[in-house]
Amino acid sequence: MEQKTVRSPTDKEQEELDRLMSSAVGRVALRAQMISLSARGFSAPEIAQIHDCAEATVYKWIDRFDEEGPSGLYDREREGRPK
């Protein structure tokens with residue numbers, strides 16, 4: 001089975017990913033790094049191992065980036081108690 005990787009980011013998207021990795025806080029920076037690694041050819045299982053998370057988590061952020069670009073890496077509003 002072929003491993004799924006992120007679509008190639010545009011130059012502008014790559015600039016935004018670089019900015020997020022260097023200046024964003026916590027989860028957003030981590031997600032930007034996941035996307036950057038995927039764009040460089042790392043597989044989702046490799047990225048999951050690097051970040052000590054589930055493969056499903058990596059696939060979720062790849063899908064969100066593919067659909068929405070860098071803005072998709074931010075948390076969405078949700079109901080319930082804040083973290």
Side-chain angles (χ1 to χ4, degrees):
M1 183 168 99
E2 184 179 331
Q3 293 291 327
K4 178 179 181 164
T5 57
V6 74
R7 65 172 170 77
S8 293
T10 65
D11 289 343
K12 188 173 182 174
E13 288 174 333
Q14 187 59 56
E15 288 175 18
E16 179 66 7
L17 288 171
D18 292 341
R19 188 190 69 74
L20 290 174
M21 286 188 290
S22 65
S23 64
V25 178
R27 295 187 302 255
V28 176
L30 182 89
R31 294 166 189 163
Q33 188 176 42
M34 288 180 182
I35 298 305
S36 183
L37 288 170
S38 181
R40 289 176 28 212
F42 285 77
S43 69
E46 290 171 323
I47 297 167
Q49 186 173 18
I50 290 167
H51 289 292
D52 193 26
C53 67
E55 289 177 32
T57 301
V58 177
Y59 288 124
K60 171 187 176 177
W61 295 112
I62 288 173
D63 288 342
R64 286 264 296 263
F65 180 85
D66 283 349
E67 293 170 13
E68 302 174 33
S71 64
L73 302 180
Y74 288 92
D75 288 331
R76 291 184 174 155
E77 291 293 321
R78 52 185 143 169
E79 294 183 17
R81 183 173 167 235
K83 286 191 168 207

When rounded to the nearest 0.5 angstrom, what is the spacing between CZ in Phe42 and CD in Gln33?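 So the gap between those two atoms works out to 9.5 Å.
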Nearest 0.5 Å, what's the CG-CD distance between Leu17 and Glu15?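 Answer for the CG-CD pair, Leu17 versus Glu15, is 10.5 Å.
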Do you know the tightest heavy-atom contact between [X] and [Y]?
{"X": "Gly72", "Y": "Trp61", "value": "O-CZ3, 3.3 Å"}
{"X": "Pro9", "Y": "Gln14", "value": "CG-OE1, 3.8 Å"}
{"X": "Val28", "Y": "Leu20", "value": "CG1-CD2, 3.9 Å"}
{"X": "Leu73", "Y": "Arg31", "value": "O-NH1, 2.8 Å"}
{"X": "Glu13", "Y": "Pro70", "value": "CG-CD, 3.6 Å"}

When you check the side-chain N and O atoms of Glu46 and Ser43, is any donor under 3.5 Å from an acceptor?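 Yes - a donor-acceptor pair under 3.5 Å links their side chains.
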Glu55 side chain near Ile47 side chain, heavy-atom distance below 4.5 Å: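 The answer is no; the side chains never approach within 4.5 Å.
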Does [X] use its side chain to pair, donor to acceptor, with the backbone of [Y] at less than 3.5 Å?
{"X": "Arg64", "Y": "Tyr74", "result": "yes"}
{"X": "Thr5", "Y": "Ser38", "result": "no"}
{"X": "Ser22", "Y": "Asp18", "result": "yes"}
{"X": "Ser23", "Y": "Arg19", "result": "yes"}
{"X": "Asp66", "Y": "Val6", "result": "no"}

Is it the case that one hydrophobic cluster holds both Leu30 and Met21, taking links as side-chain heavy atoms less than 4.5 Å apart, direct or via other members?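 Cluster IDs for Leu30 and Met21 differ.
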Glu68 atom CD, neighbour heavy-atom count above 12 within 6.0 Å: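 Correct, the count exceeds 12.
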CG of Asp75: more than 12 outside heavy atoms within 6.0 angstrom?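 More than 12 within 6.0 Å, yes.
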